[in-house]
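What's counted below: heavy atoms across the whole structure, side chains too, no hydrogens, waters or symmetry copies. These numbers come from a predicted model, not from an experiment.
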Amino acid sequence: MRAGGASALLLLTAACGGGGDAPDEARATAENAYSEVVPAAESSYTPTDFQGIAIDVPQDWAATADGGKLCMTPPGGQACGYGAVQVLPKAAASDPGKWPKKGSAFNQEGGWTGGGKECLAPGADGKKAEKAAFTVGKGELTQHADGLKSHHRVWEVTCEGGAAFEVRMWFLPESDVLVYVPAADPAYAKVYDEVAASMDITEYKKNG
């Protein structure tokens, strides 16, 4: 087992402030500025492969492949539900609305989802999401294990009745690969970052 994501995050910190005109997937220009108040859960990791995408799965999390995506669900959670991480190859190509690439949705405050606007906060079943705002927005990049840099976005989404939830995204628009947390559990803030940073799409790109 390994915790490969941590080293990749350190590489990103060292890369901040670089210049040049390289594509977003080739050069980091900013450090992940998001920090979580709630202490992060600790985890060990098991390397896995999904359609050529190598990524670490947290120990004791359930990893399931369905509908063209890989889901990692925390212990005790509903499959691919609250707190789960999704890995989506050919994300925009597989989406009817070409989300999150079309219209640079990943750079829009309303771009946290390409589907319905239901509230995903715990205990808010049947409520609608009303407003989303970036807590990590444009310009933020994360370096992955293969050296590529994704657009990292975090939204705070408020709902009817005052409930709120967080959405996290790491998107490689050129390769069309998405790591997505539709409803993040704050206890796993560090785990999400490390899972995303561990991703290596070298074989995925070779396979087209």
Side-chain angles (χ1 to χ4, degrees), residues 1-16 18 20-32 34 43-59 61-73 80 84-95 98-102 104-107 111 114 136 138-154 167-182 184 188 190-208:
M1 294 185 182
R2 62 187 173 91
S7 60
L9 289 173
L10 291 175
L11 286 173
L12 171 59
T13 304
C16 293
D21 297 317
D24 289 329
E25 292 187 21
R27 177 179 57 86
T29 59
E31 183 178 359
N32 175 0
Y34 182 73
S43 186
S44 297
Y45 298 89
T46 301
T48 193
D49 180 273
F50 179 67
Q51 296 186 19
I53 299 171
I55 196 164
D56 288 348
V57 176
Q59 188 177 15
W61 287 42
T64 57
D66 182 47
K69 67 184 176 186
L70 173 70
C71 278
M72 307 177 197
T73 303
C80 218
V85 180
Q86 301 179 9
V87 180
L88 298 96
K90 297 180 174 59
S94 302
D95 186 89
K98 305 305 178 187
W99 174 88
K101 189 172 184 178
K102 186 175 181 180
S104 296
F106 63 91
N107 268 334
V136 173
K138 297 179 182 179
E140 297 295 337
L141 303 175
T142 290
Q143 178 166 303
H144 300 276
D146 54 11
L148 297 181
K149 285 85 180 179
S150 68
H151 295 272
H152 177 42
R153 303 290 179 264
V154 180
V167 181
R168 291 182 168 219
M169 172 189 292
W170 292 263
F171 185 47
L172 294 160
E174 293 179 20
S175 303
D176 198 17
V177 174
L178 173 67
V179 177
Y180 184 51
V181 187
Y188 294 112
K190 180 180 178 183
V191 175
Y192 297 138
D193 287 340
E194 292 183 347
V195 167
S198 76
M199 184 171 67
D200 184 331
I201 66 167
T202 303
E203 292 302 317
Y204 166 84
K205 292 185 74 175
K206 285 181 181 178
N207 296 334

Original post:
Could you go step by step and tell me if Trp170 and Asp193 meet the side-chain contact (heavy atoms from CB on, under 4.5 Å) rule?
Top reply: CA-CA 10 Å; Trp170 292 263; Asp193 287 340; 3.5 Å; yes
Donor-acceptor check, side chain of [X] to backbone of [Y], threshold 3.5 angstrom: yes or no?
X      : Y      : answer
Asp176 : Ala93  : yes
Lys149 : Gly147 : yes
Arg153 : Glu140 : yes
His151 : Lys138 : no
Asp146 : Ile201 : yes
Ser198 : Asp56  : yes
Lys101 : Pro173 : yes
Thr73  : Cys80  : yes

Heavy-atom check, side chain of [X] versus side chain of [Y], under 4.5 Å:
X      : Y      : value
Trp61  : Thr46  : no
Ile55  : Leu70  : yes
Leu178 : Trp99  : yes
Leu148 : Lys205 : yes
Asn207 : Gln51  : no

Nearest heavy-atom pair of [X] and [Y]: which atoms, and what distance?
X      : Y      : result
Pro58  : Met72  : CD-SD, 3.8 Å
Asp200 : Ala145 : CB-CB, 4.4 Å
Val177 : Phe171 : O-CD1, 3.4 Å
Val191 : Tyr45  : CA-OH, 3.6 Å
Ala196 : His144 : O-ND1, 2.6 Å
Ala84  : Val181 : O-CG1, 3.4 Å

Subject >> Step-by-step side-chain contact (heavy atoms from CB on, under 4.5 Å) determination, Leu141 to Gln143 >> reply: CA-CA 7 Å; Leu141 303 175; Gln143 178 166 303; over 6 Å; no
**OP:** To the nearest 0.5 Å, tell me how far Ser44 OG sits from Glu194 CD.
**Re:** 10.0 Å
Original post:
Does Asp66 CG have over 12 foreign heavy atoms under 6.0 Å away?
Top reply: no
Subject >> Salt bridge present between Lys102 and Asp95 (N-O < 4.0 angstrom) >> reply: no
Original post:
Can you list the residues that meet the ring-ring contact (aromatic ring centres under 6.0 Å, His included) rule with Tyr192, with sequence neighbours excluded?
Top reply: none
**OP:** List for me each residue that meets ring-ring contact (aromatic ring centres under 6.0 Å, His included) alongside Tyr204, sequence neighbours excluded, and say none if there are none.
**Re:** none
